[in-house]
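Have a look at the structure below, then the notes.
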Protein chains: 2
Amino acid sequence: MKCCDMRGFLSYLILWLLGKKSMSGAELSAELERRKGSKPSPGTIYPALKELREKGLISADGNKVYSLTKKGQGELKGACAFFCRMFYDAKEMFGCCPLKWKK
Amino acid sequence: MKCCDMRGFLSYLILWLLGKKSMSGAELSAELERRKGSKPSPGTIYPALKELREKGLISADGNKVYSLTKKGQGELKGACAFFCRMFYDAKEMFGCCPLKWKK
DNA sequence: GTATAATCATCGGATAACCGATATATGAGG
DNA sequence: CCTCATATATCGGTTATCCGATGATTATAC
């Protein structure tokens, strides 16, 4: 058990990122690396994208650029609500974090 | 895959909660239910507490009331830093969540 | 058009996280 | 002391998540 490996948030973060901007797998991977500190393996990111596609939450254009579908937007909304309930005191968490990092 | 099951945050949340107040397993369980919407199984919460104890991050007094150790405080600090990096834009996430819930 | 690199994709396996069932301890009431 | 309810603890099994290796596709350079 690692107390802060944040396992299980990959799909949520993908939806969140695609909600801001359509991206390719490589772009998503780079953005995730910025957040987690390490780049997710290809064996992690692509199966996740595949499953999200199969569930109809995202779609890919001809250039493998992924976007949220309507259904995905709804899912993201629900996930955000859950996140906010789970971490309703996130502001305090931020307060106890003295570190700075590049955007 | 559930896009928002928040799997893997149990230990982090336990440390976070104990950082605010020492609690028994039952109190922790109730607080987690408030956040997640469902009470964690005994088979979930107690093994987690055991492992945190074995790692020296928390300690229990005679009445099974758990507290953070010094080491646990350090671990929590690191986990918070990681959380904040991971979700540096959490404020936006909160913004897209229209729901209200009981504290 | 071919070579090279980057990206995308799949597969099998390892691990972690969690649950349900069950067993033990603790405490309150009578 | 005895009973019952609650809290604590353990165990086995299931599932999800992720990684590394490998192969296929696409783009770029020449």
Side-chain angles (χ1 to χ4, degrees), chain A residues 1-18 21-55 57-67 75 79 82-83 86-87, chain B residues 1-18 21-55 57-67 75 79 82-83 86-87:
Chain A
M1 183 206 314
K2 299 180 196 145
C3 302
C4 53
D5 71 342
M6 311 293 160
R7 174 180 280 251
F9 272 82
L10 182 63
S11 299
Y12 171 61
L13 277 176
I14 290 175
L15 291 183
W16 174 252
L17 293 173
L18 291 181
K21 183 164 90 71
S22 297
M23 296 189 202
S24 66
E27 285 177 292
L28 281 168
S29 186
E31 176 61 29
L32 289 167
E33 180 179 19
R34 219 165 291 142
R35 289 172 184 257
K36 298 211 310 174
S38 64
K39 190 192 285 284
S41 157
T44 299
I45 183 88
Y46 291 107
L49 287 171
K50 182 186 178 189
E51 190 156 358
L52 290 173
R53 202 165 1 103
E54 286 171 354
K55 292 172 74 176
L57 302 177
I58 65 177
S59 63
D61 68 8
N63 294 327
K64 310 297 178 73
V65 173
Y66 294 91
S67 312
E75 183 79 10
F82 187 55
F83 180 93
M86 191 82 151
F87 301 111
Chain B
M1 182 207 311
K2 299 178 198 149
C3 302
C4 54
D5 70 344
M6 311 294 159
R7 175 180 280 251
F9 271 83
L10 183 63
S11 300
Y12 171 61
L13 277 176
I14 290 175
L15 290 184
W16 173 252
L17 293 173
L18 291 181
K21 183 163 90 72
S22 296
M23 295 190 204
S24 67
E27 284 176 293
L28 281 168
S29 186
E31 175 61 29
L32 289 167
E33 180 179 18
R34 219 166 291 143
R35 288 173 183 256
K36 300 210 310 173
S38 63
K39 190 193 285 284
S41 157
T44 298
I45 184 86
Y46 291 106
L49 288 171
K50 182 188 180 189
E51 189 156 0
L52 291 173
R53 203 166 0 103
E54 286 171 352
K55 291 173 74 177
L57 301 178
I58 65 177
S59 62
D61 67 8
N63 293 326
K64 311 297 179 74
V65 173
Y66 293 91
S67 310
E75 183 78 11
F82 187 56
F83 179 93
M86 191 82 151
F87 301 109

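Numbered from 1 within each chain, the chains take letters A, B, ... in sequence-line order.
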Could you tell me how far apart [X] ([atom1]) and [N] ([atom2]) are, to the nearest whole angstrom?
| X | N | atom1 | atom2 | answer |
| --- | --- | --- | --- | --- |
| E51(A) | dC8(C) | CD | C1' | 17 Å |
| L13(A) | dT17(D) | CG | C1' | 14 Å |
| Y12(B) | dC18(C) | OH | C1' | 20 Å |
| L32(A) | dT17(D) | CG | P | 15 Å |
| I45(A) | dA6(C) | CD1 | C1' | 16 Å |
| E33(A) | dT7(C) | CD | P | 12 Å |

For this session: Could you list the residues that satisfy side chain to side chain contact (heavy atoms under 4.5 Å, CB included) with E33(A), not counting sequence neighbours?
Result: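 For E33(A) the side chain to side chain contact (heavy atoms under 4.5 Å, CB included) partners, ignoring immediate neighbours, are K39(A).
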Exercise. Rounded to the nearest 0.5 Å, how far does CG of L32(B) lie from CE of M23(B)?
Worked result: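 The CE atom of M23(B) sits 8.5 Å away from the CG atom of L32(B).
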Exercise. With T44(A), which residues qualify under side-chain hydrogen bond (donor to acceptor under 3.5 Å, both in side chains), at least two apart?
Worked result: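 Here no residue qualifies.
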For this session: Quick one: list whatever passes side-chain hydrogen bond (donor to acceptor under 3.5 Å, both in side chains) with S29(A), sequence neighbours left out.
Result: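 Applying side-chain hydrogen bond (donor to acceptor under 3.5 Å, both in side chains) to S29(A) gives none.
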Problem set entry | Side-chain ion pair, E31(A) and R35(A), N-O less than 4.0 Å |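 So E31(A) pairs with R35(A) through a salt bridge.
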For this session: Determine, for K21(A) against E27(A), whether the closest basic-nitrogen to carboxylate-oxygen distance falls under 4.0 angstrom.
Result: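 Yes, charged N to carboxylate O under 4.0 Å.
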Side-chain donor-acceptor contacts of residues 59-66 of chain A below 3.5 Å, not counting sequence neighbours, with atom names and distances?
{"from": "D61(A)", "atom 1": "OD1", "to": "N63(A)", "atom 2": "N", "distance (Å)": "2.9"}
{"from": "D61(A)", "atom 1": "OD1", "to": "K64(A)", "atom 2": "N", "distance (Å)": "3.2"}
{"from": "D61(A)", "atom 1": "OD1", "to": "V65(A)", "atom 2": "N", "distance (Å)": "2.9"}

Problem set entry | Plane angle bin for F83(A) and Y12(A) - parallel if under 30°, tilted between 30 and 60°, otherwise perpendicular |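 Aromatic pair Y12(A)/F83(A) classed parallel.
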For this session: Assign a letter to each nucleotide of nucleotides 6-13 of chain D from its 5' end: B, base within under 4.0 Å of a protein heavy atom; S, sugar-phosphate only; -, no contact.
Result: -SBBBB--
For this session: Please round to 10 degrees the angle between the axis of the first five pairs and the axis of the last five pairs in the helix from dG1(C)-dC30(D) to dG30(C)-dC1(D).
Result: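 Result, rounded to 10 degrees: 30°.
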